[in-house]
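Below: one structure, written as structure tokens.
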Amino acid sequence: DSGQLPIIEALMKSFLAREDFEAVNEQQRYLLFLNQKLHDKGSMERVSALAEIADFNMHTFSQSLLVTTDPDTISMFRPGGMDAPGAPEYARSFALESLYRARRHYADAISTLVDNKRFQHPRILELEYKYLETIFLAGFTSELVFNPHYYLTSARISANLPNRWTYLRRNNEGYELGIKTFERIIAYLELDESTTDMERVRARMELADWHLVFGWHDAASAEYSRAYALASELRLAPEPMTQLFNPDRPVQLPLFTARPNSREKFSISPDTPLDYAGYFDVSYAITDNGSAGKIRILDKSDSDAFDIEDRLRRYLRNSPFRPVIIDGNPEAQDEIRMRYYYSFQ
């Protein structure tokens, strides 16, 4: 009965607000069962249903992953609460179940569209990018369990093993899946006559970013060069060329998922005004492989904000940057000066 759907969705929101994640997962399973009964396997209604369930899975994942220090919440996952060995890690492992479900449901929705040759469906690109996010995050599950804010940092894994983190990242199972996803995205754009030149070039840049994030620097450099050549061939105007290849503000990666300490990470709208507690003026360099280094604090509003300074340094080191592209080649930047504001929520 389709009349049950809004009731189940309301229940899931209620359970999520109470941080009862086991109850949320149980209702999600029932919601998926109902949608499978109500809609044919290849129907567009089923695509929408799968996408909605996957979106809710991702919401559950992001909400529950960050709830790892509250004693009442931890006690739901682990007898003994916060005093139990590995309690926060156990809670985060539980949260990852929602991520795996989201990945499966996005993949099913995309497969339904592809099998029905709906390559220009208005939601297909959105679903592909959401799927990209899930396969990327699923590739770093052990790091997410250890520290959900800084799962890309190499400090823990590479201690006394300087090459191990690079090996693990380069051989991440999600890397090849992501390349195939970008190949589909580029194919959709080529089939769509309404695709703009900027969209074509941007997709190539994002594929290069994907190589870079996983440590395949030669592949990234080659793809950045292809993107630049395509932009030159299409005669992009100077302003969009600069916006893509040599922007005023450095572009920190990845772009398809929330970065640590960002508004998106904490579900804060871009339009929500924040009362900033202070700022740091920072200088740093970016290599042609996108790594930040030579980080110096030039000035700060509060000389005692040591914890915030540490978070900022980790934030800059944690994720790579897209290098500037000059005449088709990634180039290093010796000194970038930025002001970073911080707030407490």
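Sequential numbering from 1 along the given sequence is applied to the chain's residues.
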Surrounding CG of Asp218 (heavy atoms of other residues, nucleotides or ligands, distance under 6.0 Å), is the total greater than 12? no
Donor-acceptor pair, Asn116 side chain versus Arg118 backbone, under 3.5 Å? no
Tyr175 and Phe214 aromatic ring geometry - parallel, tilted or perpendicular at 30°/60° bounds: tilted
Ignoring hydrogens, what is the shortest heavy-atom contact between Thr112 and Met44? Give both atom names and the distance. CG2-CE, 4.4 Å
Carboxylate-amine/guanidinium contact Glu126 Arg123, below 4.0 Å: yes
Tell me the closest heavy-atom pair linking Leu132 and Gly178, and the distance in Å. CD2-CA, 3.8 Å
Under 6.0 Å from the CG atom of Asp307, do we count more than 12 heavy atoms belonging to anything else shown? no
Gap between atom OG1 of Thr181 and atom CD1 of Ile110 - 0.5 Å precision: 7.0 Å
So that I know where these two stand, are Phe136 and Phe256 an aromatic pair - ring centroids less than 6.0 Å apart? yes
From CA spacing to verdict: side-chain contact (heavy atoms from CB on, under 4.5 Å), Asn318, Tyr151: CA-CA 8 Å; Asn318 184 60; Tyr151 58 90; 5.8 Å; no
Whether Gln120 side chain and Leu191 backbone form a donor-acceptor pair below 3.5 Å: yes
Minimum-distance pair of heavy atoms, taken over all atoms of Pro250 and Tyr284: CG-OH, 3.3 Å
Decide if the gap between the ring center of Tyr276 and the ring center of Tyr341 is smaller than 6.0 angstrom. yes
Between Ser221 and His217, is there a donor-acceptor pair closer than 3.5 Å when you use the side chain of the first and the backbone of the second? no
Any donor and acceptor pair, going by atom type alone, linking the side chain of Arg263 with main-chain N or O of Thr272 inside 3.5 Å? yes
What about Tyr228 and Phe245, are their ring centers closer than 6.0 Å? yes
Side chain proximity check, Ile308 to Leu312, heavy atoms < 4.5 angstrom: no
Rounded to the nearest 0.5 Å, what's the gap from OG on Ser232 to CE on Met241? Could you check? 4.0 Å
For the residue pair His211 / Tyr224, report whether a side-chain donor-acceptor contact shorter than 3.5 Å exists. no
Salt bridge (charged side-chain N to carboxylate O under 4.0 Å, His left out) pairs touching residues 225-250, sequence neighbours excluded, are Glu223-Arg226
When Tyr315, Tyr279, Phe280 are each screened for ring pair (Phe, Tyr, Trp, His ring centres under 6.0 Å) with Tyr342, the one that passes is Phe280
Asp55-Tyr106 side chain donor-acceptor pair, cut-off 3.5 Å: yes
Over all atoms of both residues, closest heavy-atom pair of Met205 and Leu244: CE-O, 3.5 Å
Does the side chain of Val282 reach to within under 4.5 Å of the side chain of Ile295, using non-hydrogen atoms? yes
Ignoring hydrogens and angles, state whether a donor on the side chain of Glu206 or Tyr129 is under 3.5 Å from an acceptor on the partner side chain. yes
Quick one: closest heavy-atom pair of Ser194 and Glu199, and the distance? O-OE1, 4.3 Å
Shortest non-hydrogen contact from Arg200 to Thr195? NH1-O, 3.3 Å
If we count only N and O atoms by modelled type, under 3.5 Å, do the side chains of Glu128 and Tyr188 hold a donor and an acceptor together? yes
